[in-house]
Amino acid sequence: MEYVIKARNFMIILLVLLLPYLITSFQEHTEKDNNMLTERRLSTQIIIHGFLLWASMGFLIPIGILTIRLSNKEVQGRRLRIMFFIHAITQIVSVILVTAGAVLSVKNFSNTFNNMHRRLGVALYGLVLLQALSGLLRPSRGGKNRSIWFSAHWLLGTTVSLLGIINVYTGLHAYHERSSKSIRPWVIFFTAEIVCIGFLYLFQGKWEYIQKQGVVLANDQPTTTMQPTDNREVLAKQNKDSC
């Protein structure tokens, strides 16, 4: 019985000595798990943020520019209305996606603005809202201030598109620095997309010119004209040959 009491006391003393270590180890393990969950959730949010901004800046805005560029050759009619509708829808959706990406960034990410991607993103969001406002305030065609508005709207839209493309690249670079994951497939994919869009943008202005190169207009075709001949000269030549 005395040995049992001593063993019990020894176990109690050992448990008291090991209890702080066990509690600390449990807390560290729990904290590690929480950090892993937080990091995983943050990584998912970064991916969502990147997708939203790519869909807006890297796809919808350039598509809207291509569409409205096509509509410049249309004076009126159903095709003009369809192209304008596509342009308006793509730009509205792009503004919604940019806003969602900005809210996600402000709510979950560090807002110290200590790198180019964050500073450029804030400036870009302001330009996107300004561009949307200018689209809502457009004057009618043939109006007094239409040419001034068109120049400003085109310049602002081109600036937003170029800065948006640059910010997609800076965002990929920031993601690589944070996660150490390879971004090469995404860079190749996005670069190929931008090259295709740029080619289509340049090709639009030359397609009509290329078509005309194989067409010979009726006024340019060579024509053969018969010169009138004096009948007396013909008769004289025939008489001379008969002699």
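Positions are given from 1 along the sequence. Nothing here was measured: the structure is a model prediction, and the numbers come from that model.
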Practice task
Return the set of residues passing side-chain contact (heavy atoms from CB on, under 4.5 Å) with Ser182 (not counting sequence neighbours), or none when no residue passes.
Solution key: Arg184, Pro185
Exercise for the section: Not counting sequence neighbours, which residues clear side chain to side chain donor-acceptor pair (under 3.5 Å) with His173? List them please. Expected result: Glu177
Exercise for the section: Just jot down the side-chain contact (heavy atoms from CB on, under 4.5 Å) partners of Ser179, sequence neighbours excluded, or say none. Expected result: Tyr175, Lys181
Exercise for the section: Sequence neighbours left out, what passes side chain to side chain donor-acceptor pair (under 3.5 Å) with Thr191? Give chain and number order. Expected result: Tyr169
Practice task
Measure the CD-CG distance between Gln131 and Leu155 for me, rounded to the nearest 0.5 Å.
Solution key: 9.5 Å
Practice task
Check whether any side-chain heavy atom of Met57 lies under 4.5 Å from a side-chain heavy atom of Leu124, and answer yes or no.
Solution key: yes
Exercise for the section: Please identify each residue that fulfils side-chain contact (heavy atoms from CB on, under 4.5 Å) with Ile82, with sequence neighbours left out. Expected result: Arg78, Ile86
Handout entry: Any donor-acceptor pair under 3.5 Å from Ser105 side chain to Gly101 backbone
Key = no
Completion exercise
Tracing side-chain contacts under 4.5 Å among Ile, Leu, Val, Met, Phe, Trp and Tyr outward from Ile148 reaches none
Practice task
Could I get the full list of side-chain contact (heavy atoms from CB on, under 4.5 Å) partners for Ile48, not counting sequence neighbours?
Solution key: Thr44, Leu52, Leu104
Exercise for the section: With sequence neighbours excluded, give me every side chain to side chain donor-acceptor pair (under 3.5 Å) pair touching residues 49-65. Expected result: Trp54-Glu193
Practice task
Kindly compute the distance separating CD1 (Ile92) from CG (Leu60), expressed to the nearest 0.5 Å.
Solution key: 11.5 Å
Problem - Neighbour count above 12 (heavy atom, 6.0 Å) for Phe190 CZ - result: yes
Handout entry: Under the ring-ring contact (aromatic ring centres under 6.0 Å, His included) test, residues paired with Trp149 that sit two or more places apart
Key = His153
Problem - Cluster companions of Leu136 among Ile, Leu, Val, Met, Phe, Trp, Tyr (side-chain spacing under 4.5 Å) - result: none
Handout entry: Sub-4.5 Å side-chain heavy-atom contact between Leu127 and Leu163
Key = yes
Handout entry: Ser161 side-chain N/O to Thr158 backbone N/O, donor-acceptor pair under 3.5 Å
Key = no
Fill in the blank from the handout: Here the side chain to side chain donor-acceptor pair (under 3.5 Å) pairs for residues 88-102, sequence neighbours left out, are Thr99-Tyr125
Exercise for the section: Supply the members, apart from Leu133, of the Ile/Leu/Val/Met/Phe/Trp/Tyr cluster built from side-chain contacts under 4.5 Å; use none for a lone residue. Expected result: Leu137
Problem - Any donor-acceptor N/O pair, His117 side chain to Gly171 backbone, under 3.5 Å - result: yes
